[in-house]
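Here the structure is a predicted model, which is why all the values come from computation and not from measurement. In what follows, chains are A, B, ... by sequence order, proteins preceding strands, each numbered from 1. Just so it is clear, the values below take in all heavy atoms, side chains as well, and ignore hydrogens, waters and symmetry mates.
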Amino acid sequence: MKPGDRVKLTTSEGTFEGTLLPRPALLSSDITVLKLKTGYNIGIESKKIEKRTVLQEYQTPVPVRAKIVHDPALPTVAILSTGGTIASRVDYRTGGVYADYSAEDFVMMCPELSKIANIKAVKVMSMMSEDAVAADWQKMAEAILESLKTADGVVITHGTDTMHFTSSVLSFLLENLTKPVIITGAQRSIDRGSSDAFMNLMCSIKAAASWDGACVTICMHGTISDDYCTLLRGTKVRKMHTSRRDAFRAINDEPLARVYANGRIEITNQEYPKRHEGKTSLRELDNRVGIITTYPDIEPAIFEEHAKRAKGLIIVATGLGNLPLHNKKTVKQALQKISKKIPLFICSQTLYGRVNPSVYANLRELSIEIGATYLSDMLPETAYAKLMVALTCKNTKEFMKTNIAGEFTTRELDDAFLR
Amino acid sequence: MGETGEIDIAAAQQAMKGKHYLYECNDENACLIDLDEEPPRNMREEALTVAIQVGKLFNAQFVDEVQVMRKTVVDGSNTTGFQRTSLVAMNGTIESKHGPITIPTVILEEDSGRIIKDENERTMFRLDRLGIPLLEISTGPDIHSPDECAEVAEKIGRILRSCNVKRGLGTIRQDVNVSIEGGTRVEIKGAQDLALLPKLVELEALRQENLLEIKKELEKRGVKSIMTQIQDLSSTLSRSQSNVISGALNNKGAVLGIRVQNCKGLIGKEVQPKRRLGTELSDRAKTAASVKGLFHSDELPNYGITDGEIAAITKKLECAPQDAFILVADTKEKSELALRAAIQRLNDAIKGVPKEVRRANEDGTTTFLRMMPGAARLYPETDVLPIRLTKKRIDAIALPELLDHKITRYEKLGLGKDLAELAANSEHASLFETFVKKFNKLKTAYIAEILLTTEKNIRRQFNIAITPNAEDFETLLTALSEEKISKESVLDILKEKKPVKEILGKYALLSDRELELEVKKIVDANKGMPINGRIGKAMQQLRGKASGQKIVELIKKNS
């Protein structure tokens, strides 16, 4: 008797007929779950079951695959799938949601896609985004480079939790990008009618096919209604809500464009690199980077521990870029020692606004005496991503200070705050 | 798709519509969870307790673990696209005059949003009801007459009202399932009035009989399936005076039509009073394509379509004398969808009675709502953990006092039969019991009257709708019990529609000394008047400030 079988269970209280379901490993194992003919699942105490009869054995269904027809009049877009909620199904073994959709499945699930572009689908990996490691980003970048040879743009489907890490890393890994790379995902799994996956995917494909930009962006819902998606610069974006559809926001930047479900693209910020002829190449990655978020009573040992492994540290400081250098702890001494060996970079926990190396005495001590580099209005996650690439460059500090992929803005406009 | 990967017919049918859904919500009763912007919390303990009480009252058998499911609902009434639902108990019974009626399931689910506006392409829902716990109790196929149906519905209603459930119109809704021999189970939703149930059952039985007759007639005529081609009649009808047709054509739409072989006279056959097979085709077309309706040859000439045009259509569609035809005028895309839905319904007619969910109309007839959903639309709610129902837990839940029992108890407390029934059925019942204990100086019946009848009295007498809360009642009864206000003031106080404690001062009784002074003033000012005139004057001026009896005594004493 195995999950999926149609069975008859006899207990002291009666007889139950239905489909045997798997029991999630994390739940207590003394319950047998049965799907009744009405569709309802019920839990029966296993010890009550006196007799079990298999009525019909489970047969694995044969999936139907969509046939994709090439239309020479349409642009070509490559969908690289990496996993995440947008590619999730209910897992009957765990009762949770797991990632399994391959890119072909997207085309079948959303046939309108084939009216926007010729879709080429590549399953790069299948992971939940929180599990990403540096090698995964390298793999994604290689897949993009390969796809760009024939496609007019690339869409990556991705889990949302660390999507902004990926958008940053790819922004720095892909040197001289000539076409758009659009990362998208879903905050609601595709099994439900209210999923944002369909619109996010449609808008992303549209942007990859016809937007005139050539940079890495995130394309997700702009509001909680199905009004439009926003195209957000890969180095200036962050997931700012645990569950809302419009969780992704541009920070210290204006969204680049709105993409409507009917295919209209409305440019909202002109500052982005345009498509061009040229050759894209890959930079390299070194994952020996640490991020430390400081707090008032932080132990110096935390910096020291990190420095043992890291070749560079991002310190997420308070306010304009402050650290507790003058309380009874010896943070200052620890940092002085560390900075002789590895470079230190300062971002702010406020996320909005830029750090400043000279407004207060503390900041001057940190920048002049200790030699930490202040990263202006760069987001901590972007700094982390950039440092991984910078460590493989000849002059790490110089690379960090150069605007590579729009990670610095020179002027902050009043209406870019909390939007 | 359900866990098994099958597409549910009801879900697929809805998914075709391409409608827009708007949601109306306010901060008082909708949060991010209602908007499907935050995962759900666990099932509400109190709701599960009520479900268990109801299960116990039906002698039902409980599941050992409650599994929360998602039921796919794509009509927009749930922001998620599904309704959370769970089977709590099975195989209960309830006694009726005609013997035991089985209760196969007691299901706890969340209520959906309610429809506020339904236009062709957009539907608006209000979210104030969404997520409120809802019990679904089904009865087995043991009810054999419309009267029995009403009796059982009332009985279940009384059991529910014994538990802590909401009262008022729409809080207890009956979905009636009807099937006759040779027919099919059809579910009718939205009957709010118990009195309508017998008629609904009767008219649905009639509908099924008539549909079976149509089936027989189709068999006789040798119609095995409706195979037909959709044709564009726009040029044939380009000069039509029919508003619907000219409207569609002026809007760059089209008139599409089909020939329906051997069906003349059948589409116009009445299946329920004033509802024909044609009405059923039209219902399906409206739901499938958001069109306003369709025309069929059995109802023409009419609606501005002339004999001449009928001849032209007949010719274009190559209809034989025994054939019927159907027209839809709208955008080409929608007209085509609408006709496909009508063809589908015609093919269902060949088989007899289709499995449908229908909505009750006020006159007892019904309108098509959606296809009957199947088991494939249920799959597990992965965001909520299952809930174990141990014997210990179930045993620990006390049964509520049954309504009949409560009525008898209230009668013993001093209420007349009607008032006792009103009190027991009222949502103020527990407040009533608290007040009876607290205000032992006041008569039980008087407390009940204030709680249960003043609202109605004020609405009738002054046409003012009041909604006093528990605190208002308590302040009022305290003042009455301490003789700080007179009974005569009660209506005046409540009809001000303000918090009672704020305005109570205005209605305070005068002390004996103050009253005597006031009475003397009135007597002095009306010296020439006979004593009854003075009493009238005093009563008018001192209304609510002292008891009438006291005023009369004082006037007599001072005259």
Side-chain angles (χ1 to χ4, degrees), chain A residues 4 11 13-14 16 18-19 21 23-24 26-28 30-48 58 60-64 88-92 94-98 109 187-196 221 224-226 241-247, chain B residues 1-6 8 11 14-15 20-23 32-33 35-39 61-76 78-82 85-88 90-91 104-105 107 138 373-383 385-391:
Chain A
T11 74
E13 287 156 14
F16 303 91
T19 308
L21 292 184
R23 178 73 171 168
L26 290 170
L27 298 177
S28 64
D30 59 340
I31 291 278
T32 300
V33 183
L34 201 62
K35 186 180 195 65
L36 303 178
K37 210 176 126 200
T38 55
Y40 279 94
N41 294 2
I42 61 167
I44 303 168
E45 266 184 30
S46 305
K47 64 175 186 221
K48 281 189 194 165
Y58 177 66
T60 322
V62 187
V64 193
S88 291
R89 281 177 171 171
V90 173
D91 176 0
Y92 306 112
T94 61
V97 171
Y98 76 113
M109 141 193 134
Q187 289 279 80
R188 296 289 166 286
S189 57
I190 55 166
D191 58 77
R192 59 169 92 189
S194 62
S195 174
D196 50 339
H221 263 56
I224 59 171
S225 291
D226 288 342
H241 197 277
T242 53
S243 55
R244 286 173 65 120
R245 287 166 174 75
D246 56 354
Chain B
M1 277 190 257
E3 289 148 285
T4 44
E6 298 161 37
D8 184 76
Q14 289 282 342
H20 291 273
Y21 300 116
L22 300 174
Y23 298 102
L32 283 188
I33 301 176
L35 296 174
D36 190 35
E37 292 295 337
E38 190 184 317
Q61 172 192 3
F62 291 94
V63 302
D64 294 324
E65 193 181 69
V66 177
Q67 307 269 329
V68 183
M69 310 292 290
R70 295 174 174 174
K71 180 158 66 179
T72 306
V73 177
V74 274
D75 64 1
N78 293 71
T79 48
T80 46
F82 55 73
T85 177
S86 40
L87 178 55
V88 176
M90 296 170 289
N91 307 327
T105 55
I107 286 165
S138 61
R377 75 164 170 167
L378 278 152
Y379 66 104
E381 165 56 88
T382 47
D383 299 341
L385 288 170
I387 302 156
R388 190 69 172 261
L389 293 187
T390 56
K391 191 173 176 300

Worksheet item: Leu389(B) versus chain A, heavy atoms under 4.5 Å apart: side chain, backbone, both or neither?
Response: neither

Worksheet, complete the sentence: Most contact-rich option vs chain B, by heavy-atom pairs under 4.5 angstrom, among Thr32(A), Val33(A), Thr242(A), is Val33(A)

Fill in: Portion of Ser86(B) that has a non-hydrogen atom of chain A nearer than 4.5 angstrom
backbone

Worksheet entry | Part of Gln61(B) within contact of chain A (heavy atom distance under 4.5 Å) | side chain

Practice prompt. Count the heavy atoms of every other residue, nucleotide or ligand shown that sit under 6.0 Å from NZ of Lys48(A), and state whether that count exceeds 12.
Written response: yes

Item to complete: Taking the side chain as every heavy atom from C-beta outward, state whether Gln67(B) and Lys35(A) have any pair of such atoms under 4.5 Å apart.
Response: no

Worksheet item: Going from CD on Glu65(B) to CG on Asn41(A), what distance comes out if it is rounded to the nearest 0.5 angstrom?
Response: 10.5 Å

Worksheet item: Is the shortest heavy-atom distance from the side chain of Asp30(A) to the side chain of Arg388(B) under 4.5 Å?
Response: yes

Discussion item. Whether the Ser225(A) and Tyr23(B) side chains hold a donor-acceptor pair (N or O, under 3.5 Å, no angle test) is what I'd like checked.
Written reply: no

Discussion item. Are the side chains of Phe62(B) and Glu13(A) in contact, using a 4.5 Å heavy-atom criterion?
Written reply: no

Fill in: Leading residue by heavy atom contact count with chain A [cutoff under 4.5 Å; candidates Leu35(B), Asp36(B), Val63(B), Val66(B)]
Asp36(B)

Discussion item. Between Thr79(B) and chain A, with a heavy-atom cut-off of 4.5 Å, which part of the residue counts as in contact: side chain, backbone, both or neither?
Written reply: backbone

Worksheet item: Out of Gln187(A), Arg244(A), Arg245(A), which one racks up the most heavy-atom pairs below 4.5 Å with chain B?
Response: Arg245(A)

Worksheet item: Salt bridge between Asp383(B) and Arg70(B), side-chain N to carboxylate O under 4.0 Å?
Response: yes

Item to complete: Would you check if Arg188(A) and Glu37(B) make a side-chain contact, meaning some heavy-atom pair closer than 4.5 Å?
Response: yes

Discussion item. Does any backbone or side-chain atom of Leu32(B) lie under 4.5 Å from a heavy atom of chain A? Answer side chain, backbone, both or neither.
Written reply: side chain

Worksheet, complete the sentence: The interface call for Leu22(B) against chain A, heavy-atom contacts under 4.5 Å, is neither

Response to the item:
In terms of heavy-atom pairs under 4.5 Å with chain B, the winner among Gly14(A), Gly43(A), Gly4(A) is Gly43(A)

Worksheet item: Taking 4.0 angstrom as the limit, do Glu45(A) and Lys391(B) come out as a salt bridge?
Response: no

Fill in: chain B contact via Ile44(A) - side chain, backbone, both or neither, heavy atoms under 4.5 Å
both

Worksheet item: Is it the side chain or the backbone of Ser28(A) that comes within 4.5 Å of chain B heavy atoms, both, or neither?
Response: side chain

Discussion item. Heavy-atom pairs under 4.5 Å with chain A - which of Leu385(B), Asn91(B), Ile107(B) has more of them than the others?
Written reply: Ile107(B)

